[in-house]
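Below is one structure, written out as structure tokens, with a few remarks after it.
This is a predicted model, so every value here is computed, not measured. Just so we're on the same page: letters track the sequence lines, and every chain starts at 1. Side-chain atoms are counted along with the backbone in the values below, which use heavy atoms only and exclude waters and symmetry mates.
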Amino acid sequence: MLPYPSGDLHIGHWYAMTPSDARARFQRMQGYNVMFPIGFDAFGLPAENAAIKRNVHPKEWTYHNIENMRNQLRTMGAMWDWEREAVSCDPGYYRWSQWFFLRLYKHGMAYRKQSPVDYCPNCNTTLAREQVWGEDRHCERCETAVIKKDLEQWFFKITDYAEELLDFSKLDWPERLQLLQTNWVGRSEGAHVTFHTEAGDVLLVFTTRPDTLWGATFMVLAPEHPLVAKVTSAAQKTEVEAYVAATVRQTDIQREAADKEKSGVFTGGYATNPVNGEYIPIWIADYVLLTYGTGAIMAVPAHDERDFAFARAFGLEVRPVIQGTDELAPPDGATMMAPSMHSGMMINSGPLSGTPADQAVARTIAWLEENGSGTGAVNYRLHDWLISRQRYWGTPIPMTYCDGCGVQPVPEEQLPVLLPDDIEWRPTGESPLKYHPTWKHASCPACGGAAIRETDTMDTFMCSSWYQYRYLSPSYDEGPWDPQEFSHWMPVDTYTGGIEHATMHLIYTRYFTKALRDMGLLDFDEPMLQLRNQGIILGEDSEKMSKSRGNVVAPDELVAQYGADAVRAYLMFFARWDQGAPWSGSGIEGVSRWLQRVWAIATRITDAETGVAAPDRLARDLRRKVHQTIQKVTHDMENFEFNTVISALMELTNALNAARKAGLVGSEVYAQGVDTLLKLMAPVTPHIAEELWGILRRPYSVHQQSWPVADPAVAAAEEITLVVQVNGKVRDRLTAPADISAEAAEERALASENVRRHLHGREPKKVIYVPGRLVNIVQ
RNA sequence: GCCGAAGUGGCGGAAUUGGCAGACGCGCGCGACUCAAAAUCGCGUACCCUUAGGGUGUGUGGGUUCGAUCCCCACCUUCGGCACCA
């Protein structure tokens with residue numbers, strides 16, 4: 001975890017962190033060597049906003065918040081390893097973020113590119129595609145609708161890893177998360193097909209349906225496509241330029257709106273279809289996106305909905321090239337009402353006519369490759385990661401620009417490129433780095449002449465892409481990590497976090513580790529092997545918690561009222577951890593009462609006499625319950641099923657209470673039951689468990705005890721309730737020995753008075769016996 | 001539109017994955033203690049039939065099975081992701 005130091009610990013932090021801590025403590029008691037680190041994701045925009053609004057320096061604001069959060073985190077009683085704390089805005093940290101940037105640059109994985117990028121006009125910065133959300137394309141942080149800007153920016157080549165990012169075989173990650181990442185990468189198989197313009201330029205298209213190539217009746221280019229100007233005829237020039245200008249002015253939202261009504265303009269140019277040499281008109285339309293595939297398509301209106309709508313809107317030819325298996329005659333392009341999506345047989349397709357649907361794509365690709373007109377191809381929706389941010393409070397990108405030598409990396413030994421402290425804010429909200437009088441002036445590492453520093457800083461997801469490695473040795477200064485620590489601990493065994501990171505942090509950090517591997521810096525493929533997501537806590541009104549809604553639950557107040565242990569236990573109890581739920585304030589009373597009952601049980605034992613002889617049967621029952629609870633709690637802790645951990649602990653408490661009333665206080669079995677309860681509670685409620693452990697004069701500390709091990713023989717039930725059904729309906733319940741034979745069970749079931757009544761004196765047709773569970777008599 | 005997840009008492013949720021539906025807790029009701037209240041403790045608490053006993057019940061409608069919260073089909077609702085992706 002690397003929380004952002006917002007300055008106030010939220011109930012959501014508690015919900016995410018306390019079960020994770022409990023599980024870490026559980027594993028430590030099981031004998032594992034557990035590292036449970038913490039640190040802060042300390043760069044980012046809120047610090048700058050605070051600076052502009054309240055005139056505090058971002059550094060001061062951030063470190064003040066960190067101090068505050070450290071204190072709040074301490075109230076949780078988590079076993080954080082504070083000696084390994086890492087703070088991403090410390091120069092000792094961001095020096096290595098810069099170092100990684102230089103490594104990536106040297107390996108060709110960081111590059112600069114001019115392109116239309118998403119820009120948040122409120123945050124005054126560009127954003128990565130992953131940070132633009134929803135139908136209305138809004139900024140992930142401030143929810144402002146983004147706009148497009150044509151800028152030169154730094155990118156990381158995450159697309160080189162598109163295929164590998166789809167491989168989850170080494171990971172124990174939730175299916176749901178794998179699916180989100182898989183969809184985000186967006187792999188599709190098809191072909192690249194080479195068309196040619198009249199001037200002889202190559203016009204490459206990507207298609208998933210090469211089998212429909214003979215049905216291509218026109219081409220469509222994205223309005224921003226580089227060939228647009230060249231293919232446009234003199235007659236169409238005015239119209240084309242007007243359309244391009246209009247498209248560029250539109251936001252993505254406008255472009256995708258209007259109920260997907262098709263618009264477009266004929267360029268006056270033509271292209272040759274490689275499969276039949278036919279000349280087909282080239283159009284431009286905003287439904288073709290420059291950012292996907294090659295930014296150009298072959299349009300097959302007979303077999304594609306968008307192309308069909310476009311063809312009908314502009315009166316273009318529709319030519320079917322597939323006859324569906326259930327179609328008696330080939331569809332008529334002139335009259336068909338919708339594109340044909342049937343599978344069947346290729347028609348009107350020259351040498352491939354007659355090819356059945358299941359072979360059509362492969363045979364067409366083979367034909368294209370033989371004829372040098374195309375190749376099989378895989379396309380991904382994933383884009384390279386835009387990491388430039390036009391902000392002050394971030395890691396400076398360690399690059400310079402020299403008039404003579406161009407882009408030059410800052411030499412490694414000059415790192416870190418420090419952020420200047422003496423800064424002034426512009427009323428426009430622009431980055432002070434751009435306007436700093438001296439900071440950006442540097443000497444060129446190549447020629448020694450004057451050079452200008454890059455004034456953009458890095459996306460903060462860069463900091464969090466490698467923080468797990470910095471936790472190993474946060475003050476190490478000979479490298480990003482101490483190699484000895486690294487080989488002992490890495491990769492991360494268990495990682496917990498929110499699902500909202502699926503296509504951001506969690507994809508970036510996977511990419512980052514793979515890139516480091518390929519640069520020889522580490523030797524595994526995945527940064528975190530096991531991952532589990534917690535859900536989110538909503539306000540009591542089922543809405544997202546926010547100050548403006550007034551539905552925020554303050555953990556500090558709950559801790560003051562009920563104590564940290566009760567808050568911890570309640571957060572683990574009140575909902576399924578992986579699902580989250582709306583907050584409910586009344587339930588915490590129940591957990592608080594439970595802890596008071598535990599207190600009463602454990603403190604009464606000291607006053608009681610020892611050496612009490614417990615009746616055999618009661619002793620056995622209690623011992624069984626104890627061992628069953630060990631089994632249940634161990635299993636559920638392993639599996640992140642924390643709510644049933646608490647209910648099992650409550651059940652054991654209730655059993656101990658009943659045993660106390662039955663006079664078992666002072667007996668050995670009772671004392672062992674209490675000891676076990678305290679050990680099982682230690683990960684969940686570390687303070688109370690320790691306190692009671694001390695009161696009972698057990699050897700310090702409860703947290704250093706080994707986790708109890710269940711004896712299956714003791715946990716096994718001696719007697720079972722045998723359910724007796726007649727035709728699947730419960731008619732009786734019998735108490736029987738656990739190892740009752742099938743014959744004996746059937747005999748006893750048939751002897752039941754109520755069963756006999758329901759049999760109405762007739763013979764059963766069949767009797768089903770499920771060992772240890774039920775007898776079903778079928779008539 | 002496409003992909004995915006989830007629908008169980010008044011509420012949060014449980015059910016060893018095909019075998020007692022509703023564990024545990026909240027809330028509520030009744031009782032004990034108290035002059036009274038709070039706290040605590042005890043009992044009860046899916047719905048319906050006045051009871052013995054029975055009927056119904058896990059979003060809706062079908063199906064498979066001796067038996068379905070669990071498997072299959074169709075549908076409804078809610079939430080999440082993607083979205084003119086070629």
Side-chain angles (χ1 to χ4, degrees), chain A residues 133-135 137 174-184 186-188 190-191 205-209 212 220 222 255-263 285-289 291-300 304-307 309-310 379-381 499-500 502-503 542 570 573-576 578-579 581-591 593-594 596-597 600 631-632 635 641 643-654 657 661 720-733 754 757-758 764-779:
Chain A
W133 285 9
E135 215 166 330
R137 312 309 295 153
E175 288 291 330
R176 180 158 152 246
L177 202 131
Q178 296 182 31
L179 194 76
L180 286 173
Q181 293 201 342
T182 302
N183 291 341
W184 188 257
R187 183 182 199 274
S188 57
V205 302
F206 174 75
T207 175
T208 54
R209 294 295 305 274
T212 61
V220 187
R255 192 159 164 175
E256 283 161 17
D259 281 335
K260 299 183 168 67
E261 217 167 273
K262 293 289 176 284
S263 71
D286 62 6
Y287 83 91
V288 173
L289 309 172
T291 48
Y292 186 78
T294 62
I297 62 161
M298 62 173 209
V300 185
D304 180 281
E305 286 195 24
R306 297 149 303 179
D307 298 345
F310 193 83
N379 195 62
Y380 302 91
R381 212 178 62 94
I499 190 98
E500 70 275 13
T503 57
S542 298
Y570 182 58
F573 179 63
F574 96 108
R576 283 185 54 152
D578 59 338
Q579 284 186 193
W583 176 257
S584 153
S586 56
I588 193 168
E589 296 281 352
V591 169
R593 276 175 218 153
W594 165 56
Q596 279 165 42
R597 283 199 299 275
Q631 285 181 329
K632 174 83 180 152
H635 173 271
E641 291 163 15
N643 55 341
T644 47
V645 166
I646 311 299
S647 59
L649 293 171
M650 286 174 170
E651 281 189 52
L652 179 57
T653 307
N654 294 346
N657 234 340
K661 281 174 201 156
I720 52 162
T721 303
L722 198 59
V723 173
V724 185
Q725 298 181 331
V726 176
N727 293 327
K729 296 201 174 188
V730 180
R731 297 303 178 190
D732 206 353
R733 292 185 172 92
N754 201 33
R757 244 167 22 88
H758 284 274
K765 248 188 240 156
K766 184 155 66 155
V767 180
I768 289 150
Y769 174 60
V770 182
R773 293 198 188 276
L774 60 70
V775 178
N776 189 11
I777 301 161
V778 187
Q779 241 187 351

Can a side chain N or O of [X] be found less than 4.0 Å away from OP1 or OP2 on [N]?
X	N	value
Lys661(A)	G42(B)	yes
Ser188(A)	A86(B)	yes
Arg381(A)	A83(B)	yes
Arg731(A)	G55(B)	yes
Asn654(A)	A23(B)	no
Arg773(A)	C66(B)	no
Arg593(A)	C26(B)	yes
Asn183(A)	A83(B)	no
His758(A)	G53(B)	no
Lys729(A)	U56(B)	yes

Could you work out which one of [options] sits closest to the side chain of [X]?
X	options	answer
Glu651(A)	G12(B), C84(B), A23(B)	A23(B)
Asn776(A)	C24(B), A14(B), C66(B)	C66(B)
Leu180(A)	C24(B), G81(B), G12(B)	G81(B)
Trp184(A)	C20(B), C82(B), G13(B)	C82(B)

For this session: Could you list the residues that satisfy side chain to side chain contact (heavy atoms under 4.5 Å, CB included) with Arg733(A), not counting sequence neighbours?
Result: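 In terms of side chain to side chain contact (heavy atoms under 4.5 Å, CB included), with neighbours along the sequence ignored, Arg733(A) is linked to Thr721(A), Val730(A).
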
Exercise. Should we count CD of Glu305(A) as having more than 12 external heavy atoms under 6.0 Å?
Worked result: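 Atom CD in Glu305(A) is not crowded, with 12 or fewer foreign heavy atoms closer than 6.0 Å.
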
Exercise. Counting only heavy atoms not in Arg176(A), do more than 12 fall under 6.0 Å of its CZ?
Worked result: no

Exercise. Hey, does Phe573(A) reach any base, or is it just sugar-phosphate, or nothing, if we go heavy atoms under 4.0 Å?
Worked result: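 Base: the residue Phe573(A), judged by heavy atoms under 4.0 Å, touches a nucleobase.
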
Seminar exercise, completed: On a heavy-atom basis, the closest approach of Asp307(A) and Ala299(A) is OD2-CA, 3.3 Å

Exercise. Can you find a donor-acceptor N/O pair under 3.5 angstrom joining the side chain of Lys765(A) to the base of C66(B)?
Worked result: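 By the distance-only test, no, there is no pair.
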
